[in-house]
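Working notes for the structure below.
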Amino acid sequence: MYTAIKFLHLVSAIVWLGGMTFMLIALRPALGELLPPPQRLPLLAGVLRRFFTLVWGAVLLLLLSGGFMMSQAGSLAMPIGWHLMAGIGVLMCLIFGHLYFAPYRRLQAALAAADWPEGGRRANQIALLVTVNFWLGWLALAAVTFLA
């Protein structure tokens, strides 16, 4: 059972970190080069809607599976890398929650009003927060790899 839970944990982390990598390195730059805001922003919002559905599932699985694995090890027996990964992971979840309930909702409202400058500001804010989470994700991965 532990191995299956660890597998779900790893799959969830890969989906989230991989999705952020794709969004930041491939999709966002291509959209900016190829489409004007009235086309770019609705497409970005549609992609984010689908991706964020996956992220909510990943966040839930990461928290549950991580909590289960940590409970099996006991806090005193866990390497420092596990503690760092857990702390960074919780911070990432909080950042994602803020991103979803504030800038992403404001992006949707701006699109509904066809307010392209506001939509662009919110898309940039989302990109900044995703960038922070992207680097935190790699930091968590490094902590659990090198300090375990």
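None of the values given here were measured: they were computed from a predicted structure.
Closest of all the heavy-atom pairs between Pro103 and Leu129 is CG-CD1, 3.9 Å. Residue Leu24 comes nearest to Ala127 through the heavy atom pair CD2-O, 4.0 Å, listed as atom of the first residue, atom of the second, then distance. When all heavy atoms of Leu62 and Ser12 are compared, the pair lying nearest together is CG-CB, 3.6 Å. Scanning both residues, Met69 and Tyr2, for their nearest heavy atoms gives CG-CE1, 3.5 Å. In terms of heavy atoms, Ala58 sits closest to Trp16 at CB-CB, 4.4 Å. Contact record, Pro42 with Pro37: CD-O, 3.7 Å, taken as the closest heavy-atom pair.
Contact annotation: the side chain of Leu10 never approaches that of Phe7 to less than 4.5 Å [non-hydrogen atoms, C-beta and beyond]. Side-chain contact check for Leu111 versus Trp116: some heavy-atom pair is nearer than 4.5 Å. Counting heavy atoms from C-beta outward, Phe22 and Phe51 have side chains that stay 4.5 Å or more apart. Under the 4.5 Å side-chain criterion, counting only non-hydrogen atoms from C-beta, Met1 is not in contact with Gln72.
In this structure, Leu128 is not a member of the same hydrophobic cluster as Val55, with clusters built from ILVMFWY side-chain heavy atoms closer than 4.5 Å. Under a hydrophobic clustering in which Ile, Leu, Val, Met, Phe, Trp and Tyr are joined whenever their side-chain heavy atoms come within less than 4.5 Å, directly or via other members, Val47 and Met20 fall into the same cluster. Leu31 and Leu107 fall within the same hydrophobic cluster, defined by Ile, Leu, Val, Met, Phe, Trp and Tyr side-chain heavy atoms under 4.5 Å apart, directly or through other members. Residues Leu63 and Leu8 do not share a hydrophobic cluster, defined by chaining ILVMFWY side chains whose heavy atoms lie under 4.5 Å apart. Criterion: ILVMFWY side-chain heavy atoms under 4.5 Å apart, direct or through other members. Under it, Phe134 and Leu84 are not part of a common hydrophobic cluster.
Here the straight-line distance linking atom CD1 of Ile14 with atom NE2 of His9 works out to 10.5 Å at 0.5 Å rounding. To the nearest 0.5 Å, atom CG of residue Leu44 and atom CZ of residue Arg49 are 11.5 Å apart. Here Leu141 contributes atom CG and Leu136 contributes atom CG; the two are 12.5 Å apart, rounded to the nearest 0.5 Å. To the nearest 0.5 Å, atom CZ of residue Arg105 and atom CZ of residue Arg122 are 14.0 Å apart. Atom CD1 of Ile5 is separated from atom CZ of Phe68 by 5.0 Å, given to the nearest 0.5 angstrom. For the atom pair CG of Leu17 and CH2 of Trp135, the computed distance is 10.0 Å after rounding to the nearest 0.5 Å.
With hydrogens and angles disregarded, a donor-acceptor distance shorter than 3.5 Å links the side chain of Asn124 to the backbone of Gly120.
Remark: Leu54 pairs with Val15 by the side chain to side chain contact (heavy atoms under 4.5 Å, CB included) rule, at least two apart or across chains. Shown here are the salt bridge (Lys or Arg N to Asp or Glu O under 4.0 Å) partners of Arg121, two or more places apart in sequence or in another chain: Glu118.
Ring pair Trp138/Phe146: centre-to-centre distance not below 6.0 Å.
Checking Leu94, Ile88, Ile95, Val90 one by one against Met92, the side-chain contact (heavy atoms from CB on, under 4.5 Å) holds for a single residue, Ile88. Of the residues Leu48, Ile126, Thr131, the one that meets the side-chain contact (heavy atoms from CB on, under 4.5 Å) test with Met23 is Leu48.
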